[in-house]
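Read the structure below first, then the notes.
So you know, we letter chains A, B, ... as the sequences are listed, proteins then strands, and number each from 1.
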Protein chains: 2
Amino acid sequence: MTRQRRVILEELRKVRSHPTADEIYQMARKHLPRISLGTVYRNLEVLSDQGLIKKLDVSGDRSRFDGDLTEHVHIRCIVCGRVDDFPVRPAVTLPEINNDCGYEIGGFVLEFSGQCPQCKKAEVC
Amino acid sequence: MTRQRRVILEELRKVRSHPTADEIYQMARKHLPRISLGTVYRNLEVLSDQGLIKKLDVSGDRSRFDGDLTEHVHIRCIVCGRVDDFPVRPAVTLPEINNDCGYEIGGFVLEFSGQCPQCKKAEVC
DNA sequence: TAAATTAACAGTAATAATTCTCATTATTGA
DNA sequence: TCAATAATGAGAATTATTACTGTTAATTTA
Ligand SMILES: [Mn+2]
Ligand SMILES: [Mn+2]
Ligand SMILES: [Zn+2]
Ligand SMILES: [Zn+2]
């Protein structure tokens, strides 16, 4: 656990947003001005492999990261791309799913999408 | 509806897989050897905007496309990346969701992941 | 402690999916 | 027919991400 890795983890746990690698890079630079983007990517990968953070493979162009390890659902704005937690639990749990497709199921992603309050307000009619 | 666009749509409707843009490019080249990858990307975007196909923003690196417009669930192999239809309907429907997060909800993605039969068999123990 | 080994680093180059540019070709419709 | 419009092919540009290359810091061992 290097200083760089600790700062990345702390900054990610501090926010309730789901920042991209580059956004985490900007956050970390406030504390470690000489940190490199490559280090941020490398450590996000390591932390994700160690199970200390979650890499969100939500829709959209860039990967996002979440310091909240509890299983929860996300909602993404189709206009600006921001991702929030969504306060609903899916009624479906993994053991309930009848697996007749031959896959060995390991997880699932439930992601809602729509317009966030800001984008809804800014909408041109 | 140009020849290029029609071939892309027909090829996509022909298969039950969820090909990437490059895979569709290879399929289209069989009929139009001089078609360009840029044209494939452009027409997939147009067809998706027109609602004639669906662009799948599933997890993973590349976008995939689906000629099946009915609402259904997907499963993705975490080893080889292939995407299949998953024969389960989520118990949750959009109107049921209480929207107290301020978003205007437009849709959702439910995607399971795991190992496909081939990858499960090939697994090194 | 001092040398050797290891791990992570910063900076930068490479990769790959996608988008953009632009000259050319096809299509439309008065 | 023929001008206007739209789409194309080829390839360059963009961009998120990954890989590489010395360098530095930390850890282990003699
Ligand atoms: Mn979250
Ligand atoms: Mn499908
Ligand atoms: Zn928004
Ligand atoms: Zn597989």
Side-chain angles (χ1 to χ4, degrees), chain A residues 1-12 17-50 52-66 76-83 111, chain B residues 1-12 17-66 76-83:
Chain A
M1 182 62 69
T2 60
R3 270 184 315 139
Q4 288 84 346
R5 189 170 301 169
R6 185 163 29 75
V7 166
I8 289 168
L9 183 57
E10 283 170 359
E11 288 300 300
L12 186 54
S17 65
H18 303 82
T20 63
D22 192 73
E23 286 165 352
I24 294 167
Y25 172 54
Q26 302 302 339
M27 289 151 66
R29 285 177 76 180
K30 300 254 165 63
H31 300 83
L32 302 169
R34 296 191 52 76
I35 195 172
S36 80
L37 182 57
T39 298
V40 172
Y41 270 104
R42 192 173 346 101
N43 279 307
L44 287 171
E45 197 65 31
V46 170
L47 289 168
S48 179
D49 288 345
Q50 293 177 341
L52 292 170
I53 66 172
K54 262 166 81 177
K55 181 176 185 176
L56 301 186
D57 273 337
V58 296
S59 309
D61 47 353
R62 289 167 292 176
S63 297
R64 292 176 172 274
F65 298 87
D66 197 341
R76 173 180 54 89
C77 179
I78 56 172
V79 179
C80 70
R82 70 173 288 156
V83 173
E111 181 200 298
Chain B
M1 182 63 68
T2 59
R3 272 184 312 141
Q4 288 84 345
R5 190 170 300 169
R6 186 163 30 76
V7 166
I8 288 168
L9 183 56
E10 282 170 0
E11 288 300 301
L12 186 54
S17 65
H18 304 81
T20 62
D22 192 72
E23 286 165 352
I24 294 167
Y25 172 54
Q26 302 302 338
M27 290 151 65
R29 284 177 76 179
K30 300 253 164 64
H31 300 83
L32 302 168
R34 296 191 55 77
I35 196 172
S36 78
L37 182 57
T39 298
V40 172
Y41 271 104
R42 193 170 345 100
N43 278 308
L44 287 171
E45 197 66 31
V46 170
L47 288 169
S48 180
D49 287 347
Q50 294 178 341
L52 291 170
I53 66 172
K54 262 167 83 177
K55 180 175 186 177
L56 300 186
D57 274 335
V58 297
S59 309
D61 47 354
R62 290 167 291 176
S63 298
R64 292 176 174 274
F65 298 86
D66 197 341
R76 173 181 53 91
C77 179
I78 56 171
V79 179
C80 69
R82 69 173 288 155
V83 173

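Rounded to an integer number of Å, the gap from Asp22(A) CG to dT18(D) P is 14 Å. As a whole-Å value, the separation of Leu37(B) CG from dG9(D) P is 11 Å. What separates CD of Gln4(B) from C1' of dG9(D) is a distance of 9 Å, to the nearest Å. Rounded to whole angstrom, the span from the CD1 atom of Ile24(A) across to the P atom of dA16(D) amounts to 14 Å. Rounding to whole angstrom units, CZ of residue Arg62(B) and C1' of dT18(D) are separated by 16 Å. For the pair Arg29(B) CZ and dA10(D) C1', the computed distance is 13 Å after rounding to whole Å.
At a non-hydrogen distance threshold of 4.0 Å, Thr39(B), Arg42(B), Asn43(B) from residues 38-53 of chain B come into contact with DNA chain D.
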Please enumerate all protein N or O atoms sitting under 3.5 Å from an N or O of nucleotides 21-27 of chain D, with distances to 0.1 Å.
none

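With sequence neighbours excluded, the residues satisfying salt bridge (charged side-chain N to carboxylate O under 4.0 Å, His left out) with Arg82(B) are Asp84(B). Residues passing the salt bridge (charged side-chain N to carboxylate O under 4.0 Å, His left out) test with Glu45(B) are Lys55(B), sequence neighbours excluded. Judged as a side-chain contact (heavy atoms from CB on, under 4.5 Å), and not counting sequence neighbours, the contacts of Gln4(A) are Thr2(A), Leu32(A), Ile35(A), Thr39(A), Asn43(A). When the side-chain contact (heavy atoms from CB on, under 4.5 Å) test is applied to Leu37(B), the partners found at least two apart in sequence or on another chain are Asp22(B), Tyr25(B), Tyr41(B).
Sorted by first and then second residue, the salt bridge (Lys or Arg N to Asp or Glu O under 4.0 Å) pairs involving residues 27-40 of chain A (not counting sequence neighbours) form an empty list.
Residues His31(B) and Met27(B) come closest through the heavy atom pair ND1-O, 3.6 Å. Taking each heavy atom of Gly81(A) and Arg76(A) in turn, the nearest pair found is O-CG, 4.0 Å.
Although no hydrogens or angles enter the test, the distance criterion places no donor-acceptor pair under 3.5 Å between the side chain of Arg64(A) and the main chain of Leu56(A).
In this structure, CD in Gln26(B) is found 9.0 Å from OG1 in Thr20(B), a value given to the nearest 0.5 Å. With rounding to the nearest 0.5 Å, the separation of CZ in Arg5(B) from CG in Leu52(B) is 9.5 Å.
Within the nucleic acid shown, Ser63(A) comes within 4.0 Å of sugar-phosphate atoms alone, with no base atom in reach, counting heavy atoms only.
Nearest-nucleotide positions on DNA chain C place Arg5(A) closer to the 5' end than the other of Arg64(B) and Arg5(A).
Taking a heavy-atom distance under 4.0 Å as the criterion, the stretch of DNA chain C touched by chain B extends 5' to 3' from dA17(C) to dT19(C).
Leu44(A) pairs with exactly one of Asp49(A), Leu9(A), Ile53(A) by the side-chain contact (heavy atoms from CB on, under 4.5 Å) rule, that one being Ile53(A).
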